[in-house]
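Shown next, in C-alpha cells, is the structure this report addresses.
Just so you know, these numbers come straight off a predicted model, no measurement behind them. Residue numbers start at 1 and run along the sequence shown.
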Amino acid sequence: MIISHKHKYIFIGLPFSASSAISKELIEQYDGEYILNKHANIQTFLSSNKLNINNYTIFAVYRDLEEILFTRYNKYKYNSKEVYTNPSFLVKNGGHVTAKALNIHNRIINEDIDFEDFIVKFSKSIPYDFVFSINAPYVTDILNFNNLSADFDRVLAKIGFTNRRELPLYNKTEKKDQKPEISEKVRRKYIYPYKIKTSKFSASKIQYKSSIFNILVFNFFHIIRQKRWLKDDLKRSDSKDSYFSSLVKNK
C-alpha cells in the first residue's frame, strides 16, 4: 500500500493488478510512502490509524477475475522467478511460497492440468473471490487494468499532478499460454458471482448470470474470506518483500 499525506492519496496495491508498477512510480515520482506491505488491505490500515479518509483520494486497479486466475495459473505453470524450485522462497526457509502453493505448482506440472481444470480442481467447489471486493467500498477512483496508463494519468490529475512520464511496467509474467476459452457452465459457477458483486466497477456492460445458490454460497464465503484476508495482513512481513524493501531503502 502507498500513501501520501502531503497530497492526500492512498493506493491499494492488489495482487496481479500492476501493483508493482504503480507503487514504484508513486514512490519515485509522486511523494508516495510505502506502508504495511505490498498488498495490504485498507481495513488493516484504518484499524490502526485515525484518519479522515474523506479527505483522501483512494484508488485501486480493477482487473477481470478470469484474467487474474489465468495470470495465477501461468505463474504456477511456468514457475515464475523459479520460486517453486528454489528452496529459499519457501515459507519454512523465510520466504513467501507456502506448501499449498508448491503443491498446486507440482500438480499442474505432473498432472498436465489445463486452465479450466485449474479453476475447477482448486476451487473446493466454491465460487472464486478476490481481495478487490473487500477494498471496493472504500475506493473513490478505479483504474481499469485494460486502460491502465490513461486511468493512472486521470487519477494523477485529480490529485494535482501532471504526468511526468509514461507508466513503466514491471513484474510481468514472461511465459504464458494463449488464454483458452472455458465453458459457460464453469463461468456461471466459479466466476460470475464475483463479477456480479463487482459489476459497477467493471467497464464491461455484460449482464452476468449465475444461480441464486452460487450467489448465496459466494456471499457466505465472502465474509469468511474477508476475515482470513485481514488476518493474513497481520502475518505478512515487509522484510520478505525484497523488491519493496530495496525500493524504499533507495528512495
Taking the six-membered ring for Trp and the single ring otherwise, decide whether the centroids of Tyr84 and Phe89 are under 6.0 Å apart.
-> no
Cluster overlap Phe115 with Val186, hydrophobic side-chain contacts below 4.5 Å | yes
Nearest non-hydrogen partners of His39 and Gly13, listed with the distance | ND1-O, 2.9 Å
Salt bridge present between Asp141 and Arg154 (N-O < 4.0 angstrom) = yes
Look at atom NZ of Lys179 and say whether more than 12 heavy atoms of other residues, nucleotides or ligands are closer to it than 6.0 Å.
-> yes
Min side-chain heavy-atom separation Ser125-Lys189 under 4.5 Å = yes
With a 6.0 Å cut-off on ring centres, are Phe145 and Tyr62 close enough?
-> no
Measure the spacing between CG of Asn110 and NE2 of His105 and express it to the nearest 0.5 Å.
-> 8.0 Å
Where is the tightest heavy-atom contact between Ala21 and Leu167, given as atom of each residue plus distance?
-> O-CD1, 3.9 Å
Measure up the Phe118 and Tyr76 rings against each other and bin them: parallel (under 30°), tilted (30 to 60°), perpendicular (over 60°).
-> tilted
Has the side chain of Ser17 got a donor or acceptor atom that lies under 3.5 Å from a matching backbone atom of Pro15?
-> yes
Considering all heavy atoms of both residues, which atom of Arg225 and which atom of Pro127 are nearest to each other, and what is their separation?
-> NH1-O, 2.8 Å
Backbone N/O of Thr44 and side chain of Asn41: donor-acceptor pair under 3.5 Å | no
Is Val120 reachable from Ile182 through a run of hydrophobic residues whose side-chain heavy atoms are each under 4.5 Å from the next?
-> yes
Is there a donor-acceptor contact under 3.5 Å from the side chain of Lys8 to the main chain of His5?
-> yes
How about Thr57 and Ile10: do any of their side-chain heavy atoms sit closer than 4.5 Å?
-> no
With no hydrogens and no angle check, is any side-chain donor or acceptor of Asn147 less than 3.5 Å from a backbone partner on Ala150?
-> no
Please tell me if the side chains of Phe16 and Leu69 come closer than 4.5 Å, counting only heavy atoms from C-beta onward.
-> no
Please check if atom CD in Glu82 has more than 12 non-hydrogen atoms from other residues, nucleotides or ligands closer than 6.0 Å.
-> no
Is it possible for you to say whether Leu230 and Ile223 belong to one hydrophobic cluster, with membership spreading through side-chain heavy-atom contacts below 4.5 Å?
-> no
To the nearest 0.5 Å, how far apart are CD1 in Ile58 and CG in Asn55?
-> 10.0 Å
Going by atom types alone, do Asn144 and Asp151 pair a side-chain donor with an acceptor below 3.5 Å?
-> no
Would you find a donor on one side and an acceptor on the other, under 3.5 Å apart, between the side chain of Thr198 and the backbone of Phe201?
-> no
Under a 4.5 Å side-chain heavy-atom rule over Ile, Leu, Val, Met, Phe, Trp and Tyr, are Ile159 and Leu26 clustered together?
-> yes
Between CD1 of Ile53 and OG1 of Thr140, what distance do you get to the nearest 0.5 Å?
-> 9.0 Å
Verdict with supporting geometry, Ser20 and Lys38, side-chain hydrogen bond (donor to acceptor under 3.5 Å, both in side chains) = CA-CA 8 Å; Ser20 294; Lys38 182 179 179 182; 2.8 Å; yes
Between the side chain of Ser210 and the main-chain N/O of Arg188, is any donor-acceptor distance below 3.5 Å?
-> yes
Glu66/Tyr192 under side-chain hydrogen bond (donor to acceptor under 3.5 Å, both in side chains): CA gap, chis, key distance, verdict | CA-CA 9 Å; Glu66 196 171 316; Tyr192 287 171; over 6 Å; no
Whether Gln226 side chain and Ser133 backbone form a donor-acceptor pair below 3.5 Å | no
Do Ile42 and Ile134 come close enough that some side-chain heavy atom pair is under 4.5 Å?
-> no
Using the six-membered ring wherever Trp is involved, compare the ring planes of Phe59 and Tyr9 and label them parallel, tilted or perpendicular (cut-offs 30° and 60°).
-> tilted
Test side-chain contact (heavy atoms from CB on, under 4.5 Å) on Asn86 and Val97 and set out the steps.
-> CA-CA 10 Å; Asn86 186 337; Val97 175; over 6 Å; no
Donor-acceptor pair, side chain of Asn135 and main chain of Val131, under 3.5 angstrom | yes
Applying side-chain hydrogen bond (donor to acceptor under 3.5 Å, both in side chains), run through Ser88 and Asn93 and close with a yes or a no.
-> CA-CA 6 Å; Ser88 66; Asn93 296 325; over 6 Å; no
Between Ser23 and Phe11, is any pair of side-chain heavy atoms under 4.5 Å apart?
-> yes
Tightest non-hydrogen contact, residues Ile68 and Arg63, listed as CD1-O, 3.6 Å
Drop me the distance from Phe122's CZ to Tyr73's OH, to the nearest 0.5 angstrom.
-> 10.0 Å
Gap between atom CD1 of Ile113 and atom CD of Glu111 - 0.5 Å precision = 4.5 Å
Exactly one of Ile3, Ile2, Ile27 clears side-chain contact (heavy atoms from CB on, under 4.5 Å) with Glu33, and that residue is Ile3
Give the C-alpha distance, both sets of side-chain angles, the deciding distance and a yes or no for side-chain hydrogen bond (donor to acceptor under 3.5 Å, both in side chains) between Ser211 and Asn214.
-> CA-CA 5 Å; Ser211 70; Asn214 288 336; 3.1 Å; yes
What are the two closest non-hydrogen atoms of Pro168 and Glu25, and how far apart are they?
-> CD-OE1, 3.4 Å
Under the salt bridge (Lys or Arg N to Asp or Glu O under 4.0 Å) criterion, do Glu116 and Lys185 qualify, and how do the steps go?
-> CA-CA 11 Å; Glu116 183 164 320; Lys185 180 180 178 181; over 6 Å; no
With distance as the sole test, does Asn74 use its side chain to make a donor-acceptor pair with the main-chain N or O of Phe70 at under 3.5 Å?
-> yes
Flag, side chain of Asn103 to backbone of Ala99, donor-acceptor distance under 3.5 Å = no
Test of ring centre spacing under 6.0 Å for Tyr194 and Tyr128 | no
To the nearest 0.5 angstrom, please state how far the CG atom of Leu65 sits from the OH atom of Tyr190.
-> 13.5 Å
Is there a chain of hydrophobic side chains (I, L, V, M, F, W, Y, each step under 4.5 Å between heavy atoms) that links Leu216 to Tyr208?
-> no
